Chemist: 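Got a structure here, written out as structure tokens. Questions coming.
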Number of protein chains: 4
Amino acid sequence: MSPRTNKQWESLRAEKRELIKQTALELFANEGFHSTSIEMIAQKAKISKGLLYNYFESKEDLLKEIIYSASNELWEKFDPNHDGILTDEEFIYFIRATLYAIEANPLFWRLYTVLMLKPNIVHIIGQELIKASAMHIHVLLEYIKIKAQTDVETEMFVFSSMLKGAILQFVSAPEMVPMAYIEKHITSFYAFRYKIDLQNITSK
Amino acid sequence: MSPRTNKQWESLRAEKRELIKQTALELFANEGFHSTSIEMIAQKAKISKGLLYNYFESKEDLLKEIIYSASNELWEKFDPNHDGILTDEEFIYFIRATLYAIEANPLFWRLYTVLMLKPNIVHIIGQELIKASAMHIHVLLEYIKIKAQTDVETEMFVFSSMLKGAILQFVSAPEMVPMAYIEKHITSFYAFRYKIDLQNITSK
Amino acid sequence: MSPRTNKQWESLRAEKRELIKQTALELFANEGFHSTSIEMIAQKAKISKGLLYNYFESKEDLLKEIIYSASNELWEKFDPNHDGILTDEEFIYFIRATLYAIEANPLFWRLYTVLMLKPNIVHIIGQELIKASAMHIHVLLEYIKIKAQTDVETEMFVFSSMLKGAILQFVSAPEMVPMAYIEKHITSFYAFRYKIDLQNITSK
Amino acid sequence: MSPRTNKQWESLRAEKRELIKQTALELFANEGFHSTSIEMIAQKAKISKGLLYNYFESKEDLLKEIIYSASNELWEKFDPNHDGILTDEEFIYFIRATLYAIEANPLFWRLYTVLMLKPNIVHIIGQELIKASAMHIHVLLEYIKIKAQTDVETEMFVFSSMLKGAILQFVSAPEMVPMAYIEKHITSFYAFRYKIDLQNITSK
DNA sequence: AATGAATGAGGGTTCATTCAT
DNA sequence: TATGAATGAACCCTCATTCAT
């Protein structure tokens, strides 16, 4: 009935949805969720306030959609069903992939970090992303476990904390702590510790 | 009219100020700054909204005061002018002191972490606390620099990140990642790495 | 392009108009005018919001059209030019016809009742329906006037009020106060009062 | 603690509450609930929008409070525990009292009538007022039952409908159908029907 | 010192209406 | 003819802040 084909339509809608989500993400990450008004999002996205509600049920729904999208991307990017233990090369690859996934969307990960600091955040962002993140780091930890130089728990704790701390620094100030810097040091550290020859591993 | 001396009055004022700050800290940390209303703080502190403005100029001023207090406490607790290099024992002590300072006020440090994730946060919390934190960790890093097993920059990066990551995990969920657990693993790791005998070091 | 004749088109348009009006009536009566959105009407009628404006100028215009239609129906159903006085039989018939006209469209009459309670409703619904209703009850009142057992004014007041009260009860809760019940009691009352033998009058 | 006594305060608050309720009642009754904005109420009552929420939780809560107040007044005015049957004199008194209670607050009763026409209104206004009204008319119906000239059910139906219809006319247009007019005809009708001598009954 | 009534700007949200397609 | 994306005014409500008492 409509003069436009369904395809065209859906595509237009999807694009606008994406525009709104991206705009909102920037503001949520930079100004904070509560400090960002619908008005601000609308202005930045150059749409009217009302239109936003044509795409999202509420401001909170918009936040959830942002989270869910990222969650899905993460699932798609990393195979959570990786079985078996990583080889040395795969380990380095996996670290790099992890870090550059973060780098690809620093705004989102800053937002995510802030949200994780809210008690009972589950009510807002659900479990999906948390699961996705955990599943992914699990693959790395399995490798660490095998290679542990000291007791396993400590080895895992150090890796886990270091990764989180590095990411925290990155999302706090990507320009001051660039991802390349982080990647270099983490791989150096583990290359030395686990006797991995980085020369043989193709850079990203 | 009042028989109270000036001293007593000032003391009472100081107590009430402290009460308001503590109450606000709990709410800011648990609910978020914007989700906490002056009304909520006043009710929890059992004072009137008006009185709060007798002690603090604005809601933002209250936040700043909370930050400043913590900053001062930090300066007092740790001697930032520690010169010379730490001994092995002092290093362990310093780590423990750092961690237990965090543990003593998890609400504050969660709030602080969230604030640090806001760009241009300087406008809100100023530089004091940042300087205090940096100065303090600097003492540890100087030690690390000396003991480095690999290249110095990596060694410092790993320590710095690990510490931040560990603290992040603690403030996110103190009951799931208790400080004692963190302390154990960090000290284990460095004791092994730097050949420090923990047996000889009196526990906190 | 279309092979349809003008007649067919007009007929289709009229049908769709009717569909929209009927759908809107249901919603206006059940949810209230202001609580019913154009969106709701369009969805229930399975058309688009835009199309509705192809048939009606505005939401208020739609309401007016609903009222006007009913007004016209009323004029058509009852001959307002009935001259001369009703016979006993005609009186009973007229009452029944009145009541069953109401029963045929309870939604409309509930809506109408609510609207009548708004001051200056004339601006919205105009005078037509009011005139039609008045004209119609006038025929009955003329009969009552003749048959009055007490003073005429009182007799007319009682009839007029009773009829309105009965209808009010019906539109408020048709399932609790069915029209058959109302009809039975009104006719009983007047049959007795005016010595009319209901046996001789064919039931509806 | 407060410089004003509690009594003064509560009194001021109660007065303002009453002002808001009365203002809102006028607007709700004249313009309709949904057509009345908080802004309108605030302007008419010469207060700020915000202040209204200091006295009522929401617009709907304000409506409920208006209904509840009227409900309570009704319970206080009429003794719902009247036992035994009314005397002729009491019957006339009761009718008059009923009608003049309506007359005392025509705005409220118009609002009430509109609300009663909404399906499932119970969710909004609760049962109290409905019970209060029913209990009150019940006393009159008990008397009617005894005095019935025809079959009891019809007699009660006629009275009940007539009363409701009369009130409906009054609330629709008090200036066109004044209460004195209504009272005169209802009492005339029943005085004649039940052989009551109105001369002996002191007028209101 | 202490209260809470009062303000009003600004928040999220809805919805009648328009218009490009 | 028919669609629904798009608009923006107006809605209800919240809240930091002020101020008379």
Side-chain angles (χ1 to χ4, degrees), chain A residues 1-6 8-9 12-13 16 34-42 46-62, chain B residues 1-2 4 9 12-13 16 34-43 47-62, chain C residues 1-2 4 9 12-13 16 34-43 47-62, chain D residues 1-6 8-9 12-13 16 34-42 46-62:
Chain A
M1 278 205 226
S2 165
R4 273 192 223 181
T5 66
N6 280 357
Q8 279 175 312
W9 257 44
L12 282 175
R13 267 193 80 85
K16 189 139 286 185
H34 286 102
S35 300
T36 301
S37 69
I38 295 289
E39 176 77 35
M40 286 162 70
I41 300 171
K46 287 181 182 143
I47 60 168
S48 67
K49 271 192 299 173
L51 187 57
L52 194 148
Y53 288 88
N54 205 320
Y55 290 86
F56 301 93
E57 284 183 6
S58 67
K59 193 185 177 187
E60 196 168 292
D61 178 53
L62 172 54
Chain B
M1 255 205 256
S2 166
R4 277 190 245 257
W9 271 116
L12 281 177
R13 268 193 77 84
K16 189 141 284 186
H34 286 100
S35 300
T36 300
S37 67
I38 295 289
E39 178 80 38
M40 285 163 70
I41 300 171
Q43 276 188 14
I47 60 166
S48 69
K49 275 186 293 176
L51 190 57
L52 193 148
Y53 282 86
N54 203 317
Y55 287 88
F56 301 92
E57 282 182 9
S58 67
K59 193 185 175 188
E60 196 168 288
D61 177 55
L62 172 54
Chain C
M1 258 206 257
S2 164
R4 277 189 244 258
W9 271 118
L12 281 176
R13 266 193 78 84
K16 190 141 282 184
H34 285 100
S35 300
T36 300
S37 68
I38 294 290
E39 178 79 39
M40 284 163 70
I41 300 171
Q43 275 188 15
I47 60 166
S48 69
K49 273 187 293 175
L51 189 57
L52 193 147
Y53 283 86
N54 203 317
Y55 288 87
F56 302 93
E57 282 182 7
S58 68
K59 193 184 176 187
E60 197 168 287
D61 178 55
L62 172 55
Chain D
M1 277 205 226
S2 163
R4 273 190 225 183
T5 65
N6 280 356
Q8 279 174 312
W9 258 45
L12 283 176
R13 266 193 81 85
K16 188 137 287 185
H34 286 103
S35 299
T36 300
S37 69
I38 295 290
E39 177 78 36
M40 286 163 70
I41 300 171
K46 287 180 183 143
I47 61 167
S48 67
K49 270 190 301 174
L51 188 57
L52 194 146
Y53 289 87
N54 205 318
Y55 290 87
F56 301 93
E57 283 183 7
S58 67
K59 194 185 176 188
E60 196 168 292
D61 178 54
L62 172 54

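All values derive from a computational prediction rather than experimental measurement.
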Chemist: Whole Å only: how far is the NE2 atom of B:His34 from the C1' atom of E:dG10?
Modeler: 13 Å

Chemist: Starting at CH2 of D:Trp9 and ending at P of E:dA2, how long is that distance when rounded to a whole Å?
Modeler: 15 Å

Chemist: Consider side chain to side chain contact (heavy atoms under 4.5 Å, CB included). Of A:Asn54, A:Leu51, A:Leu52, which one does A:Lys16 pass it with?
Modeler: A:Leu51

Chemist: In whole angstrom, what separates B:Gln43's CD from F:dC15's P?
Modeler: 12 Å

Chemist: Can you check the D:Leu12 CG to E:dA5 P distance for me, whole Å?
Modeler: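 Distance check: D:Leu12 CG to E:dA5 P gives 10 Å.
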
Chemist: Closest nucleotide of DNA chain E for A:Ser35 versus for C:Ser58: which of these residues is on the 5' side?
Modeler: A:Ser35

Chemist: Round to the nearest Å and state the distance from C:Ile38 atom CD1 to F:dA9 atom P.
Modeler: 19 Å

Chemist: What's the spacing between B:Tyr55 OH and B:Asp61 CG if we round to 0.5 Å?
Modeler: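 B:Tyr55 atom OH to B:Asp61 atom CG measures 14.5 Å (nearest 0.5 Å).
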
Chemist: Which nucleotide, E:dA6, F:dC15, E:dA16, lies nearest any side-chain atom of D:Tyr55?
Modeler: E:dA6

Chemist: Measure the NZ-CD distance between B:Lys49 and B:Glu39 for me, rounded to the nearest 0.5 Å.
Modeler: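 It is 5.0 Å, given to the nearest 0.5 Å.
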
Chemist: Could you check how far CG of B:Leu52 sits from P of E:dT3, rounded to whole Å?
Modeler: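 After rounding, the reported distance stands at 11 Å.
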
Chemist: Look at the side chain of B:Lys49 and the base of F:dT17, then say whether one donor and one acceptor between them are separated by less than 3.5 Å.
Modeler: yes

Chemist: Counting just side-chain N and O atoms, does B:Asn54 come under 4.0 Å of either OP1 or OP2 of E:dA1?
Modeler: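 Affirmative; the distance criterion is met.
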
Chemist: Can you tell me how far P of F:dT18 sits from CD of B:Glu39, to the nearest Å?
Modeler: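 Taking CD of B:Glu39 and P of F:dT18, I get 16 Å after rounding.
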
Chemist: Please tell me which of D:Glu57 and A:Ser48 maps to the more 5' nucleotide of DNA chain F, matching each residue to the nucleotide holding its nearest heavy atom.
Modeler: A:Ser48

Chemist: More 5' along DNA chain F: D:Thr36 or A:Ile47, using each one's nearest nucleotide?
Modeler: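 Result: A:Ile47.
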
Chemist: Heavy atoms only: give me the nearest C:Ala42-C:Ser48 pair and the separation to one decimal.
Modeler: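 Smallest interatomic distance, heavy atoms only, reads CB-C, 3.9 Å.
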
Chemist: Provide, to the nearest angstrom, the distance between the CD1 atom belonging to B:Ile41 and the P atom belonging to F:dA16.
Modeler: 8 Å

Chemist: State the CD1-CE distance between C:Ile38 and C:Met40, to the nearest 0.5 angstrom.
Modeler: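 It is 10.5 Å, given to the nearest 0.5 Å.
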
Chemist: Which one, F:dG4, E:dA6, F:dT17, comes nearest to the side chain of D:Lys16?
Modeler: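 So the side chain of D:Lys16 is nearest to E:dA6.
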
Chemist: For Watson-Crick and G-U wobble pairs within 3.5 Å on both distances, what is DNA chain F written in dot-bracket notation, | included for inter-strand pairing?
Modeler: .||||||||||||||||||||

Chemist: Once side-chain hydrogen bond (donor to acceptor under 3.5 Å, both in side chains) is applied, do any residues pair with B:Glu60, and if so which ones, sequence neighbours excluded?
Modeler: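 Counting only residues at least two positions away or on another chain, B:Glu60 forms no side-chain hydrogen bond (donor to acceptor under 3.5 Å, both in side chains).
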
Chemist: Between D:Arg13 and A:Leu51, just flag the one whose closest nucleotide in DNA chain E comes earlier from the 5' side.
Modeler: D:Arg13

Chemist: Heavy atoms from C-beta onward define the side chain here; which of E:dA5, E:dC15, F:dT17 lies closest to that of B:Tyr53?
Modeler: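 Out of E:dA5, E:dC15, F:dT17, the nucleotide with an atom closest to B:Tyr53's side chain is F:dT17.
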
